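To keep things clear, I will list the structure first and then write my remarks on it.
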Protein chains: 2
Amino acid sequence: MIRVAIFEDNKLMRNAYEAICNGTPGLMCCGAFADTDDVSFKIKKTQPDVVLMDIEMPGKDGVSTTPYIIKHFPEVKILIQTVFDNDDKIFAAICAGASGYILKSTTPARMVEAIEQVHDGGSPMTPYIASRVLKLFQQFAPPFKDAEENYALSVREKEILALMTGGHGLPAIAEKIFVSYETVRTHVKRIYKKLHVASASAAVVKAIREKLV
Amino acid sequence: MIRVAIFEDNKLMRNAYEAICNGTPGLMCCGAFADTDDVSFKIKKTQPDVVLMDIEMPGKDGVSTTPYIIKHFPEVKILIQTVFDNDDKIFAAICAGASGYILKSTTPARMVEAIEQVHDGGSPMTPYIASRVLKLFQQFAPPFKDAEENYALSVREKEILALMTGGHGLPAIAEKIFVSYETVRTHVKRIYKKLHVASASAAVVKAIREKLV
DNA sequence: AGTACAATACCCCAATCGGGCGATTTTTTT
DNA sequence: AAAAAAATCGCCCGATTGGGGTATTGTACT
């Protein structure tokens, strides 16, 4: 039996959600509130497994309340709900630790599904949100290189590039790898040619951005 | 009309997918292949809007093929499909630029939905995948900085640091922001002091790593 | 045996950089 | 109005860099 607490300022919606929960086997509404005042008390009192949180509410809204709940009741899963799915607030909510993000326009059946999914540790979200999250995710992970764009750096060159990325100057690198300063310079020049850059800064930026190190 | 190309080694499945696509108004299977050999040619020939890609295939599998397709046919959306949803391959696929990720066990109706969603720019995925993506996302997103770690760079300094990170040399920066070379140097020197570094490379590395730009 | 490549090393030269110093003028804050 | 911070410009010096050469060695592949 999944215990659901509802935070939703619109009375009609609130009652509807409550009805949906109580009308679904395996679900149970343990509380329905119009605001997030005293949220700590409300959670403690109702012991929900899942919190259905409206993101647009008067006073303290869902975004600011979410981190608070996560912090004090880490075992509670939070399912954010909104009428819009194009707001940057969603990122705040997701970063705050919300488990899922659905639209109010989803069908009751889907909503129930979403509640069950967050309870099982999943993260239901709209395709739009998913897509934005993926985009950002890909920014952090990306560039796959095929031979060509691997710039064909030799082991030694990669090693030196890594040291440069570590903030070392060329003389320091020479000492570190027990090679003459001029040799390091030779390698560095070749690195620049291969990376199509003309300075140490540009080289390290490329190295980091494209995860050559 | 959404054109779908199918890559799937199992003949039964392949035919089933083809049937589903062709049996759905608005969808159309423009090609069904058992392997990713000559993928470039196959894509060019069939002109798909969406590629349905099995991640587990003999020979060159979906993971390695995805980045290639993205690279050479950026307008093609790729929907990854697998029997497992707990493999780290999914991350490789997502990072490679896949638009969505679904299970083979999803119903045909859902699959069609997913195809339509990726075509519309969405990113359908299973709740489990979504949850793992969110987790990772949350790890990267909130490096909240407070004054101390902001190094108290002025706007001008940040601007110059950004330009340095862009690979520009100091003389080039001076031209770009219409101030004298010496002024840029003065700013740069102060940036170094504030960041506790002693070279352009070290500065840009720090800038990127700590997201100061 | 010959070729190709990586790694090593050195030379020269002009440009740039890093560090230290001081200075003026806005802008912002107090 | 006074003080603080930010932005601007300049000069000096020595070290480092970027770009151009050339050359030797060892290893790997043919």
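Note that the structure is predicted; figures quoted are calculated from it, not measured. Lettering of chains follows the sequences in order, A, B, ..., and the numbering in each one begins at 1.
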Within this structure, what is the [atom1]-to-[atom2] distance between [X] and [N], rounded to whole angstrom?
X: B:I191; N: D:dT8; atom1: CD1; atom2: C1'; result: 14 Å
X: B:K194; N: D:dA5; atom1: NZ; atom2: P; result: 10 Å
X: A:H187; N: D:dT17; atom1: NE2; atom2: C1'; result: 17 Å
X: B:R190; N: D:dA7; atom1: CZ; atom2: P; result: 8 Å
X: A:I173; N: D:dG18; atom1: CD1; atom2: P; result: 11 Å
X: B:E157; N: D:dA6; atom1: CD; atom2: P; result: 7 Å
X: A:K189; N: D:dG21; atom1: NZ; atom2: P; result: 11 Å
X: B:L153; N: D:dA5; atom1: CG; atom2: P; result: 16 Å

Under a 4.0 Å heavy-atom criterion, DNA chain C is touched by chain A from C:dA6 to C:dC12

Quick one, [X] and [Y] - any side-chain contact, counting heavy atoms below 4.5 Å?
X: B:R185; Y: B:E182; result: yes
X: B:N22; Y: B:M28; result: yes
X: A:F33; Y: A:T46; result: yes
X: B:Y68; Y: B:S40; result: yes
X: B:R156; Y: B:I177; result: yes

Note the angle between the end axes of the helix from C:dA1-D:dT30 to C:dT30-D:dA1, five pairs defining each, rounded to 10 degrees.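 The angle, to the nearest 10 degrees, is 60°.
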
With a cut-off of 6.0 Å (strictly less than), are more than 12 heavy atoms of other residues, nucleotides or ligands near NZ of A:K189? yes

With sugar-phosphate meaning primed atoms plus P, OP1 and OP2, does [X] contact a base, only sugar-phosphate, or nothing at under 4.0 Å between heavy atoms?
X: B:Y192; result: sugar-phosphate
X: A:T186; result: base
X: A:T183; result: base

Does B:Y181 have a side-chain nitrogen or oxygen under 4.0 Å from the phosphate oxygens OP1 or OP2 of D:dG10? no

N or O in side chain of A:R185 less than 4.0 angstrom from D:dT17 OP1/OP2: no

Whichever of B:E182 and B:S154 has the more 5' nearest nucleotide on DNA chain D, that residue is B:S154

I'd like to know if A:K42 and A:D35 make a salt bridge, using a cut-off of under 4.0 Å between side-chain N and carboxylate O. yes

Counting side-chain heavy atoms from CB outward, which of D:dA7, D:dT17, D:dG19 is closest to B:V155? D:dA7

Given B:I115, which of B:I20, B:D49, B:L79 fulfils the side-chain contact (heavy atoms from CB on, under 4.5 Å) condition?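 Result for side-chain contact (heavy atoms from CB on, under 4.5 Å) with B:I115: B:L79.
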
Knowing that exactly one of A:V179, A:V184, A:T183, A:L161 qualifies, which makes a side-chain contact (heavy atoms from CB on, under 4.5 Å) with A:I173? A:V184

Go through it in stages, so that I can follow the logic: the residues are B:R14 and B:D54, the test is salt bridge (Lys or Arg N to Asp or Glu O under 4.0 Å), and I'd like the CA-CA distance, side-chain angles, deciding distance and then a yes or no. CA-CA 10 Å; B:R14 192 164 68 247; B:D54 185 9; over 6 Å; no

